[in-house]
Every structure is written in structure tokens, then in C-alpha cells.
Amino acid sequence: MEAAGVVIVGAGIAGLTAALAAAEAEDVCVIAGDGPRASSSARAQGGLAAAVGEGDDPALHAEDTLRAGAGLCDEQRVRELAMEAPGVVAWLTQMGVPFDRDSSGRLALGREGGHTRGRIVHAGGDATGHFITEALWQAAARHPRIEIRREHCVGIAQDATGRAVGVWTWDGARQRFVAARRAVGLATGGVGALFGRTSNPPSAVGAGVALAYHAGATLANLEFVQFHPTLWLGRDGEAMLLSEALRGAGAVLVTEGGAPLFADPADNLRTRDVVALAIARAEAEGHQVFLDATQVPDVAARFPSIAARLRRAGLDLASQPIPVTPGAHFLMGGIEADLAGRTSVPGLFALGETACTGVHGANRLASNSLLECVVMGLRFGEAVREEPVGMHPPEDPVWLLRPEQDQAALPELAPILWRSVGLVRDETGLRAALVELEGMAHRYLGSGAVLAASLIARSALWRRESRGSHVRMDAPAPVPAYARPSQILKAHRAPTSVAITT
């Protein structure tokens with residue numbers, strides 16, 4: 001039997017940080033799937049939020065985060081996240097991340113929507129995720145107590161008591177069991193690929209949500225999917241994020257005739273839910289929306305990756321407005337967890353985007369995601385030392401993920417979600433989507449993607465209000481009774497929440 005002290009599923013920033021932190025005391029096995037470059041982390045452009053600039057303070061960072069979260073944040077955890085952010089920057093610097101600096105050697109700080117200060121540290125201009133992921137990957141690959149396996153997790157192994165005791169993996173040819181003496185950590189990313197139009201990689205189909213659901217973990221706030229306002233869609237169907245930092249540097253949104261989308265230019269830096277909905281409304285009225293960065297000084301040099309990709313498509317960021325549209329970007333909900341990743345299932349941890357810690361509430365503040373990944377990973381390294389050590393035989397699996405079923409289902413699944421569970425929702429569309437998804441569940445029995453999509457739709461149907469990223473046209477205002485997390489469990493197959501009144 002193959003075994004490690006800790007098994008981590010995922011090789012993005014959350015998974016790699018967790019592996020490095022846990023390896024200070026335990027041997028670690030990383031189930032890396034297609035590797036770090038296939039993660040959402042590697043695609044992150046803008047940067048990482050931290051109150052490290054003059055005149056800034058973690059308390060201000062926390063207030064901005066709470067404001068963006070639309071009444072659904074866990075305030076204590078938000079304040080802890082903001083307080084630990086400067087230390088995260090220091091740790092990443094020590095790990096070799098080359099954050100951009102100004103001529104005097106100080107960290108260069110950008111500003112993004114919802115932030116009242118410039119507090120976004122970045123690397124390579126617009127390639128922050130790549131540089132952080134690469135530094136952590138190299139450190140993990142060199143570490144004598146970390147084993148990296150290019151396999152896919154297809155099941156959480158549990159003992160007779162329900163404790164997570166390992167994982168089942170698939171390497172394309174055979175299934176293996178890898179035991180975990182202390183803990184299993186899921187760091188599997190988000191759900192953006194379920195919607196088709198997304199900034200996420202094709203692997204972002206909610207695998208962690210599905211795996212944890214079948215393990216009996218509590219899921220929370222799955223209805224809150226953030227749609228980034230500014231995706232550029234290439235002719236080949238590729239979607240590329242145009243970083244919010246562009247608007248922080250002075251780019252503005254305009255319609256096809258050059259008219260400003262917002263009467264007040266400051267509104268270009270409102271939170272993502274507000275800006276994405278404004279673009280969607282303009283599109284519904286027959287307009288096309290563009291991001292105009294032609295007045296941003298040295299824009300191609302400051303955003304080299306974006307400028308180069310657009311240049312290959314025949315577009316010049318410095319001289320012409322670029323067409324943009326909203327796309328699925330980030331899951332605020334996920335597997336309910338604390339900031340160390342502990343879930344309701346003993347021995348099972350959730351880290352990064354697949355977790356729901358409450359720090360993002362109903363709408364994530366820009367550049368808090370990479371921060372959360374590192375904070376959770378470092379805390380995880382401490383928390384697993386408190387887990388009991390043992391070798392417990394697993395029960396036979398009741399369900400195993402079949403990745404090929406996900407790939408077969410996605411072409412049918414994505415149009416359903418974009419149409420009925422996308423940026424704007426209503427009861428009629430959600431109920432129709434659930435009927436279609438129920439049929440798909442019978443045809444794609446091992447698809448975690450179909451399961452995750454159904455859970456999102458069920459949660460969205462339950463939340464009869466509009467709050468943050470969750471917009472219900474048939475319930476357009478927030479409702480005080482819903483100012484609390486939704487929860488969903490396998491035993492219920494329906495969202496629940498404490499003391500909800502109707």
C-alpha cells in the first residue's frame with residue numbers, strides 16, 4: 001500500500017503552499033493532475049492584495065473586503081486574512097517570487113476595483129500567478145519530503161467512521177489507492193469551465209466540490225459565482241482575462257461609438273459584480289463594450305503578457321479599444337472550511353478556491369484569492385500536526401469520479417449553465433436547468449461536472465434575492481433573512497440555512 005503523512009490534491013498556489021508547509025514535519029504526496037500550468041493560479045494576472053504601502057493598513061484592507069462581500073463575509077476571518085497579508089508577501093519573496101519594484105526598490109503597487117488604496121503586489125507586470133506558481137513548484141520539486149505524481153484524484157477514501165484516510169487516483173491506465181496517515185487536502189480550483197465562457201482552465205469543473213460532496217462534507221454558498229467583467233474572446237474560442245489592473249491604471253469601459261459606459265469615470269473601479277452587470281445590461285440593449293487603455297502610459301510595457309497575446313490576434317492594446325464581455329471567473333462558495341482548511345469531515349481539508357471560508361462573502365474583492373491560497377496553505381501546515389496519526393483501512397468507494405465523463409458532458413453542460421445559471425438568473429430558468437441537469441446526471445453517471453452544476457443551480461434556486469454576484473431578476477433586491485450562508489449536504493440534496501424565515 002502506498003502511503004504518505006499528508007496527501008494534497010492539486011498543484012496550484014494553494015496546493016503547493018500547503019505541501020511545502022506540511023513538509024516541514026511530514027512526508028507529502030501531491031496528486032498534481034496535469035501540473036501547475038493547468039491551474040487557475042498560473043493564469044492569475046493582477047496580483048496579490050496586501051496592505052504594505054504607505055498610508056495603508058490591514059484594517060482598511062479588511063473594510064474594503066467586507067464592503068465587497070455584500071453582508072455575507074465572516075468578519076473575523078476577513079480581518080485575520082488582511083492582517084496576515086504583509087507576511088505572505090515576505091514569505092513569497094523569500095521563496096523567490098520576483099515581485100515588481102519601483103526605481104527606489106520599493107514594491108510597485110497597483111490598484112483594482114473595490115480597493116480604496118493601491119495595494120496589489122505583482123510580478124512580471126501581469127504574470128503574477130505564473131511567477132508565484134513557478135517558484136512554489138520548483139521548491140516543491142526540490143523538497144526531499146515531497147513526492148509529486150501526475151495522476152488525477154477520482155475519490156476520497158474513508159474508513160468505517162467516515163474519516164478521510166487517503167485518495168483513489170487514476171493515471172489513465174489504472175486506479176491506485178494512496179493512504180494518508182494524517183490528512184487529505186483538496187486544492188482543486190473552481191468551476192468556471194462549467195459555463196463555457198471563462199477565464200479558467202478546462203480543468204475547472206468543480207471536481208473538489210463533487211469529491212467532497214460524496215464524502216459527506218458540508219458545502220456552502222455555491223450560488224455565488226463571480227463573473228469577471230473584462231474577458232476578451234478570440235476567434236478560436238479562447239478567452240483571455242484583461243486584468244482589472246488595467247482599469248486601475250486608467251483604462252475605461254466604452255461602447256462601440258466611444259461613449260463611456262459609466263457617467264462617472266470612478267465607476268470603472270467598482271466591484272466586479274457591479275461592473276459585470278453593467279456590461280451585461282449594455283449588451284442586452286444591443287451595444288458592444290470595449291476596454292480603452294489607449295491613454296494608459298506605457299501600457300504594453302506594463303502589461304506585457306496581455307499586449308503580446310492581443311498582438312498575435314492583430315490587436316494593439318496601446319492604440320485601439322479591445323472588445324470585452326463578462327465570463328465566469330471565481331467560485332466564492334465551495335467546501336465549507338476554516339482558514340486552515342478543516343471541513344466537516346474528519347481528516348479532510350479544503351484549500352484555495354474549492355474552499356468556502358467566508359472571507360469572500362457574496363463577491364470576492366480583487367486579488368484576495370491568491371492571498372487566501374497562501375494563508376490557508378501556511379495554516380494547513382500547522383493544523384495537520386494536530387491530526388491523529390494512523391493507518392486505517394478504507395471502505396469500498398461508493399462513487400468514483402470519471403474525468404472522461406466530464407469531458408463528454410461539457411459541450412452540452414456549458415450552454416445550459418451560461419443561459420440559465422449565469423450572470424443573471426430567475427426561477428423559471430433555474431427550474432428548467434435543473435430538469436436538464438437531472439437528465440444529464442443519468443447519462444453521465446461519473447461526472448463531477450454535472451453534479452457540481454446541479455448543486456450550483458439548486459443553491460441559486462434557494463436564494464430568492466439578489467446579493468453580490470448572485471443576481472435574480474425575479475428577486476432584484478437583497479433580503480435580510482438571506483444574509484447568511486447557504487449549506488448543502490449529500491443527505492439533504494437541498495440547501496439549508498440556520499433560522500431562515502420566509
For this session: Say whether, by atom type as modelled, one donor and one acceptor occur between the side chain of D267 and the main chain of R270 under 3.5 angstrom.
Result: no
Problem set entry | Reported CG-to-CH2 distance for the pair L378 and W91, which is rounded to 0.5 angstrom | 5.0 Å
Exercise. Does the side chain of I456 come within less than 4.5 Å of L194's, by heavy atoms?
Worked result: yes
Exercise. Looking at side-chain heavy atoms only, is the closest gap between V28 and H143 below 4.5 Å?
Worked result: no
Exercise. Can you find a heavy atom in the side chain of E256 that is under 4.5 Å from one in the side chain of P323?
Worked result: no
Exercise. Is any side-chain N of the basic residue among E238 and R309 closer than 4.0 Å to the acidic one's carboxylate O?
Worked result: yes
For this session: Using atom types as modelled and distance alone, determine if a side-chain donor or acceptor of T128 lies under 3.5 Å from a backbone N or O of Q45.
Result: yes
For this session: Report the residues that fulfil side chain to side chain contact (heavy atoms under 4.5 Å, CB included) with A108, sequence neighbours left out, ordered by chain and then residue number.
Result: D100, H122
Exercise. If you take all heavy atoms of A276 and P326, which pair is closest and at what distance?
Worked result: O-CG, 3.6 Å
Problem set entry | Spatial distance of atom OG1 (T354) from atom CG (L219) [nearest 0.5 Å] | 8.5 Å
For this session: Taking the side chain as every heavy atom from C-beta outward, state whether D126 and P304 have any atom pair closer than 4.5 Å.
Result: yes
Problem set entry | Test: E372 and R364 ion pair at under 4.0 Å | no
Exercise. Can T169 and R149 be said to form a side chain to side chain donor-acceptor pair (under 3.5 Å), step by step?
Worked result: CA-CA 10 Å; T169 70; R149 298 168 63 148; 4.6 Å; no
For this session: Using atom types as modelled and distance alone, determine if a side-chain donor or acceptor of R467 lies under 3.5 Å from a backbone N or O of A70.
Result: yes
Exercise. Given side chains that start at C-beta, do those of V154 and P403 come closer than 4.5 Å, heavy atoms only?
Worked result: yes
Problem set entry | Contact summary for V289 and A282, nearest pair of heavy atoms | CG2-CB, 3.9 Å
For this session: Output the distance between atom CG (L331) and atom CG (L222), rounded to the nearest 0.5 Å.
Result: 6.0 Å
For this session: Compute the centroid of each ring, for H360 and then for F224, and state whether the two points are separated by less than 6.0 Å.
Result: no
For this session: Spell out, as yes or no, whether a donor-acceptor pair under 3.5 Å connects the side chain of D64 to the backbone of H61.
Result: no
Exercise. What pairs with W170 under ring pair (Phe, Tyr, Trp, His ring centres under 6.0 Å), at least two apart in sequence or on another chain?
Worked result: none
Exercise. Say you draw a straight line from CG of L423 to CH2 of W418; how long is it, rounded to the nearest 0.5 Å?
Worked result: 6.5 Å
Problem set entry | Inter- and intrachain pairs under salt bridge (charged side-chain N to carboxylate O under 4.0 Å, His left out), touching residues 33-59, at least two apart | R37-E134, D56-R119
For this session: Hey, could you give me the CG/CG distance between L72 and N221, rounded to the nearest 0.5 Å?
Result: 5.0 Å
Exercise. Is the shortest distance from a Lys or Arg side-chain nitrogen in E223 or R472 to a carboxylate oxygen in the other one below 4.0 Å?
Worked result: no
For this session: Kindly give the heavy-atom pair with the smallest separation between I8 and A18, and that separation in Å.
Result: CD1-CB, 4.0 Å
Exercise. Are R281 and E285 ion-paired here, with the side-chain N under 4.0 Å from a carboxylate O?
Worked result: no
Problem set entry | Min side-chain heavy-atom separation V424-L277 under 4.5 Å | yes
For this session: For the residue pair Q226 and D273, confirm or rule out a side-chain donor-acceptor distance under 3.5 Å.
Result: no
Problem set entry | 4.5 Å side-chain heavy-atom contact, L48 and S367 | no
Exercise. Are any side-chain N or O atoms of H228 and backbone N or O atoms of T230, one a donor and one an acceptor, separated by less than 3.5 Å?
Worked result: yes
Exercise. Does any donor atom in the side chain of R197 or T325 lie under 3.5 Å from an acceptor atom in the other side chain?
Worked result: yes
Exercise. Does R79 pair with E63 as a salt bridge, N-O distance under 4.0 Å?
Worked result: yes
Exercise. Between L246 and I306, is any pair of side-chain heavy atoms under 4.5 Å apart?
Worked result: yes
Exercise. Below 4.0 angstrom, N of the basic side chain to O of the carboxylate: do R302 and D298 qualify?
Worked result: no
